[in-house]
Amino acid sequence: MENNRAQWGSRMGFILAAAGSAVGLGNIWKFPGKAFEGGGGAFLLMYLLIVPLIGMPAMLSELAIGRASQSNVVDAFGKLGRKGYSWVGWMGWSVAFIITCYYSHVGGWVLRYVVSYATESRSVYADPLGYFYNMLGYHAATETTFFPVTVILFAFLFLAICAFVIIKGVEGGIERFNKIGMPALFIILLILFARAATLPGAQGGLRYMLSIDASKVSPQTFLIALSQAFYSLSLGMSIMVTYGSYLPRSENITKNTVLVCSMDTLVAVIAGFIVIPAVFATLGPDGVGKGGGFAFVSLAGVFEQMPGGAFFGFLFYLLLLFAALTSTVSLIEGIVAFLIERWSWKRTPTTVITCLLLFAIGCLYTCSQAAFPLKGIWFDFANGVTFPPFCDAMEFLTDRVMIPLCALGCCVFAGWAWKPENVITEVERCGVKFKLVKTYSFLIRFVAPVAILVILAVSLFTGTTLS
Ligand code: PHE
C-alpha cells in the first residue's frame with residue numbers, strides 16, 4: 001500500500017506545495033483589511049502570537065495524522081484505529097468541496113482583472129465599483145441585470161488550469177507548478193513592497209501597522225485574528241492531512257511545519273505592509289475597506305494615482321492569481337485523492353468531473369453576487385433564521401462553522417483520542433527528537449480546542465459580524 005502511494009519528489013517540493021496551499025487569497029486580500037480593522041499593530045501582534053501557539057501545533061498534528069495513516073482525509077482517522085472520528089474526515093472533505101466552488105470563481109474574477117489591467121485599466125479607473133458590478137452581471141446606470149458570461153468563462157479557464165495541474169499528478173503537476181509559482185509570487189511581492197513603501201505619504205500606513213493602539217486589543221480582534229490564522233494556514237480541511245500523507249518518513253515534520261507557517265505569515269505581513277501604506281498614501285486612512293470589494297474596488301484608486309499604476313496593478317492581480325491557483329490546486333487534490341483511493345477511480349476523469357461540478361455550483365455563487373437574487377439559509381441565535389444571499393451563506397457555513405468544527409475534531413483527535421504520544425512518535429520517525437513534548441501536549445489538548453470552541457460559539461451567537 002505504502003509503496004504505491006504518490007510521494008513528493010523533494011523536500012522543497014513539499015514545502016512549496018504546502019506553502020502554496022496556505023498562501024492564498026486569504027493572505028493578500030483578507031489579511032490587510034482585517035489588520036486595518038483590528039488596529040494595525042495590535043492585530044499584527046496577536047496574529048504573530050496565535051500562529052506559533054495555536055496554528056503550529058494544529059498543523060503539526062494534521063501532517064502527522066496524514067503521514068501516519070498514509071491515507072486520504074476521510075479514511076485517515078479509521079486507519080489510525082478511531083472509526084468514530086471519520087465524521088471529521090467527511091467534514092474536512094466537504095469543506096474543501098464547498099470552499100473550492102467559490103474560491104475557484106473568485107480565482108476567475110482575479111484572472112479577469114489581470115486581463116483588465118493589461119488591456120483596459122482606464123475603464124477600471126473610470127468607475128471602479130461600476131466595473132466590478134458590471135463584471136458580476138449588474139449594470140448600475142440602467143439598474144439591469146444580466147448573466148455574467150465573461151467572468152463565468154474566466155472561472156472556467158481558471159479551473160481548467162487547476163485541472164491540468166492535478167491530472168499531471170503529485171510530483172509532475174502540483175510540485176512542479178508550485179516550484180515556479182511560489183518563487184514568482186515572492187518576487188512580485190517584493191517588487192510591490194518596494195513600490196508601496198516608497199510612495200510619498202506611505203509612512204502613515206507603515207506607522208499604523210507598527211504602533212499598538214491599546215483600545216483595539218479586544219476579544220473581538222483576537223477572534224478575528226484567530227479565525228484568519230486557521231483560514232490562512234489551510235487548517236481544518238483535508239489539505240494538510242492529504243499533503244502529509246505524501247510526505248516520506250524521513251522528513252522532519254516539525255521543521256516543515258515551522259517553515260510553512262513562517263512563509264505563510266511572512267506573505268500575509270508583507271501584503272499588509274504593501275496594501276495599507278499604499279492605500280494611506282493615495283486614498284488616506286478612510287480608503288481602507290475590507291473583503292472582496294476592497295481588493296477589486298478600492299485598490300483601483302491606489303493604482304490610478306500611482307506612477308506606473310497600470311503595470312503595478314497588473315502585477316498585483318498576477319500575484320493574487322498565483323496565490324489563488326496554488327491554493328485551489330491543493331483543495332482539489334484533497335477532494336480528488338479521496339475519490340480515487342476510495343473507489344479506485346482514475347485520476348483524469350475524476351478530476352475532470354469534479355472540476356465541472358465545482359464550476360457549476362460556483363456559478364450560483366458568482367451569479368448571486370449581483371446578477372440574480374439567489375438566497376441561502378442561515379441560522380444564528382442573534383437573528384434566528386435569515387436568508388442571506390446564497391454566496392454569503394456559503395462562506396459563513398464554511399468559514400464560521402465547518403472549518404472550526406473540523407479543526408476542533410483534529411485537535412481533539414490528536415490531543416485526546418490518538419494521543420500526543422502517537423503524534424510525537426510519528427514526528428520523530430525522521431530520527432530527530434521532538435523537544436517540546438509538554439508544550440505541544442498542553443497546546444493541542446487545551447489551548448487550541450478552547451480557542452476554537454470560542455470561535456464557534458461567537459459565530460453562532462453574534463451572527464454574521466465576525467468576519
Ligand atoms: N489558506 C488559503 C488562503 O489563505 C485558503 C485556503 C483555504 C486554501 C483552504 C486551501 C484550503 O487563502
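Because the structure is a prediction, the values reported are computed rather than measured. Side chains included, hydrogens not; waters and symmetry mates left out as well; all remaining heavy atoms used. Ligands are counted one by one from 1 in listed order, and the atoms in each one are counted from 1 as well.
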**Q** Measuring from each atom of ligand 1, which residues have a heavy atom under 4.0 Å away?
**A** Ser21, Ala22, Gly24, Leu25, Gly26, Asn27, Tyr103, Tyr231, Ser232, Ser234, Met237, Ile239, Ser327, Ser330, Leu331
**Q** Name all residues meeting the salt bridge (Lys or Arg N to Asp or Glu O under 4.0 Å) criterion together with Lys168; count only those two or more places apart in sequence or in a different chain, and write none if there are none.
**A** none
**Q** Hey, is Asp399 close enough to Lys30 for a salt bridge, meaning N to O under 4.0 Å?
**A** yes
**Q** Which residues satisfy the side-chain contact (heavy atoms from CB on, under 4.5 Å) test with Leu357, sequence neighbours excluded?
**A** Phe97
**Q** Checking Ser218 now: which residues fulfil side chain to side chain donor-acceptor pair (under 3.5 Å) with it, not counting sequence neighbours?
**A** Thr221
**Q** Check for me whether the distance between the ring centres of Trp109 and Phe296 falls short of 6.0 Å.
**A** yes
**Q** Let me know which of Phe36, Phe273, Phe43 forms a ring-ring contact (aromatic ring centres under 6.0 Å, His included) with Phe31.
**A** Phe43
